[in-house]
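The structure appears below as structure tokens.
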Amino acid sequence: MKLVFPNGEHSQVWLSPGVNSIGSDPDGAVVLTQPGIQPVHCTIHVTATGANLQVPAGSGPASVNGKPVTDIMALRPGDTLGFGPVVAKYAVVEVARSSSPAAGLDAGGDEDNGATRVRMAIPKFLLRGVSGAVFGKVYPVTGPTVIGRAVECDISVAADEISRRHALVKPTQDGLSVEDLGSSNGTYINNKRVQHGFLNAGDELRLDAVRFIMVAPGMEMAAPAPAKPAAAPVSVVVKMQMWAAILLTIAAVAVILVLLTKK
């Protein structure tokens, strides 16, 4: 993933996994010195599922395809980003493989395109879908993640009961913070409706009827206890005992009759 500046304000920038700060601060990932650029003008969060542009309160202005961004917006390849007077293009680039088996190989036999490989961080938290359109799917959460019906959301759920931008989840040291984004049908944690909340490992996040379980890698879900054999109904047990008594009585009478006939 990279930013390309068609007007030459900056050379192209490869975005790293995590938070990429954009502004006039010399320690930022992208340093812009044009008038009107704030020290931290905005940030781009790169996650395992994509990237989103976030504008801190009081910063900006910033836009995506000419639409002002006041909080957070998911990015798609080809989007035009505006940082005050500066324009950039957001691009996702796949490195082409050489058609020659011998070309571009390092001493170990691996392809080398000249770029340093960046190891993607293992997501600390996951959302596992347990109902409806998300059943059986797993979504890593490595940065601010918008869940909603709109296709540009980080987690897009094709369900009519979900608002276009339903909820925002953010990883923290101990779990996921949750914010309802003004949804029509509400955001729930363990069946309690919340505007702001927190997910621990094993907690349920419900967006109307769509449910997720928050999972930390390595967390073992408890297996269901083996079912105990069903006990026979009391009436059946009583009937069996009665028949056993009758059969024993018949056997005893038969023995007595045999003994009498022998005498």
Side-chain angles (χ1 to χ4, degrees), residues 1-5 9-34 36-65 67-84 86-93 115-127 138-148 150 152-156 165 167-179 181 196-199 205 214 216-217:
M1 300 176 183
K2 67 178 182 179
L3 292 180
V4 178
F5 296 82
E9 294 93 343
H10 199 288
S11 58
Q12 68 177 12
V13 178
W14 291 91
L15 299 174
S16 302
V19 179
N20 297 264
S21 177
I22 300 171
S24 60
D25 188 335
D27 294 327
V30 181
V31 180
L32 301 174
T33 58
Q34 286 71 18
I37 299 296
Q38 303 295 323
V40 179
H41 199 88
C42 60
T43 57
I44 293 180
H45 297 253
V46 177
T47 72
T49 57
N52 50 67
L53 176 72
Q54 186 169 12
V55 180
S59 297
S63 64
V64 175
N65 299 326
K67 181 179 179 180
V69 179
T70 57
D71 182 18
I72 187 171
M73 181 173 289
L75 298 179
R76 293 178 292 182
D79 280 347
T80 298
L81 312 183
F83 313 128
V86 179
V87 175
K89 283 282 189 180
Y90 171 71
V92 176
V93 180
T116 301
R117 295 180 180 176
V118 177
R119 185 184 300 276
M120 294 295 288
I122 298 174
K124 189 174 181 180
F125 303 111
L126 308 169
L127 288 177
V138 176
Y139 303 91
V141 181
T142 58
T145 301
V146 176
I147 308 173
E152 62 266 22
C153 289
D154 299 301
I155 299 178
S156 180
R165 286 168 50 83
L168 171 67
V169 296
K170 298 179 182 179
T172 68
Q173 184 65 29
D174 301 314
L176 294 177
S177 67
V178 179
E179 178 185 354
L181 298 178
H196 296 274
F198 189 82
L199 286 171
L205 172 65
M214 204 277 273

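Just so it is clear, the structure is predicted and the values come from calculations on it, not from any experiment. If you read the sequence from its start, that first residue is 1, and numbering goes on from there.
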Item to check | Expected output: side-chain Asp25 to main-chain Val40 donor-acceptor under 3.5 Å | outcome: no
Checklist entry - When you look at Tyr139 and Asp154, which way does the side chain to side chain contact (heavy atoms under 4.5 Å, CB included) test go after all the steps? => result CA-CA 9 Å; Tyr139 303 91; Asp154 299 301; over 6 Å; no
Checklist entry - Atom CG of Leu205 and atom CG of Leu199: how far apart are they, to the nearest 0.5 Å? => result 5.5 Å
Checklist outcome for this item: Residues Ile44 and Leu15: closest non-hydrogen pair is CG2-CD1, 4.0 Å
Next on the checklist: Suppose we screen for side-chain hydrogen bond (donor to acceptor under 3.5 Å, both in side chains). Which residues come up paired with Gln12, at least two apart in sequence or across chains?
Outcome noted: Lys2
Item to check | Non-hydrogen side-chain atoms of Ser24 and Thr33 separated by less than 4.5 Å | outcome: no
Checklist entry - Is there a side-chain contact between Val64 and Tyr90 (heavy atoms, below 4.5 Å)? => result no
Next on the checklist: Assess the residue pair Cys153 and Arg165 against the criterion (side chain to side chain contact (heavy atoms under 4.5 Å, CB included)); give the C-alpha distance rounded to whole Å, side-chain angles, the decisive distance to 0.1 Å, and a yes or no.
Outcome noted: CA-CA 7 Å; Cys153 289; Arg165 286 168 50 83; 4.2 Å; yes
Checklist entry - Counting distance only, does the side-chain N/O of Asn52 pair as donor-acceptor with the main-chain N or O of Pro144 below 3.5 Å? => result yes
Checklist outcome for this item: So OG1 of Thr172 and CZ of Phe125: to nearest 0.5 Å the spacing works out to 5.5 Å
Checklist entry - Which distance, rounded to the nearest 0.5 Å, do you find between the CG of Asp79 and the OG of Ser63? => result 10.5 Å
Checklist entry - Side chains of Thr43 and His45: donor-acceptor distance under 3.5 Å anywhere? => result yes
Next on the checklist: For Ser156 versus Ala150, what's the shortest heavy-atom pair and its separation?
Outcome noted: OG-O, 3.1 Å
Item to check | Nearest heavy-atom neighbours spanning Met214 and Leu176 | outcome: CG-CD1, 3.5 Å
Next on the checklist: So Ile147 and Leu127, do their side chains get closer than 4.5 Å, heavy atoms only?
Outcome noted: yes
Next on the checklist: For a quick test of reading the model, state the closest non-hydrogen atom pair linking Pro56 to Cys42 and the distance between them.
Outcome noted: CD-CA, 3.9 Å
Checklist entry - Parallel, tilted or perpendicular: which describes the rings of Phe5 and His10, with under 30° parallel and over 60° perpendicular? => result tilted
Checklist entry - Do Lys89 and Thr80 meet the criterion of a side-chain donor-acceptor pair at a distance under 3.5 Å? => result yes
Item to check | Validation row: Pro140, Thr47 side chains within 4.5 angstrom (heavy atoms) | outcome: no
Next on the checklist: According to salt bridge (Lys or Arg N to Asp or Glu O under 4.0 Å), who are the partners of Glu152, at least two apart in sequence or on a separate chain?
Outcome noted: Arg164
Checklist entry - Can you tell if the side chain of Ile22 reaches within under 4.5 Å of the side chain of Leu3, non-hydrogen atoms only? => result yes
Next on the checklist: When you compare the side chain of Leu53 with that of Phe83, does any pair of heavy atoms fall below 4.5 Å?
Outcome noted: yes
Checklist entry - Does Pro61 reach the side chain of His41, with side-chain heavy atoms less than 4.5 Å apart? => result yes
Next on the checklist: If you define the side chain from C-beta out and look only at heavy atoms, does anything of Leu81 sit under 4.5 Å from Leu75?
Outcome noted: yes
Checklist entry - How many angstroms lie between CD in Glu179 and CG in Asp71, if you round to the nearest 0.5 Å? => result 6.5 Å
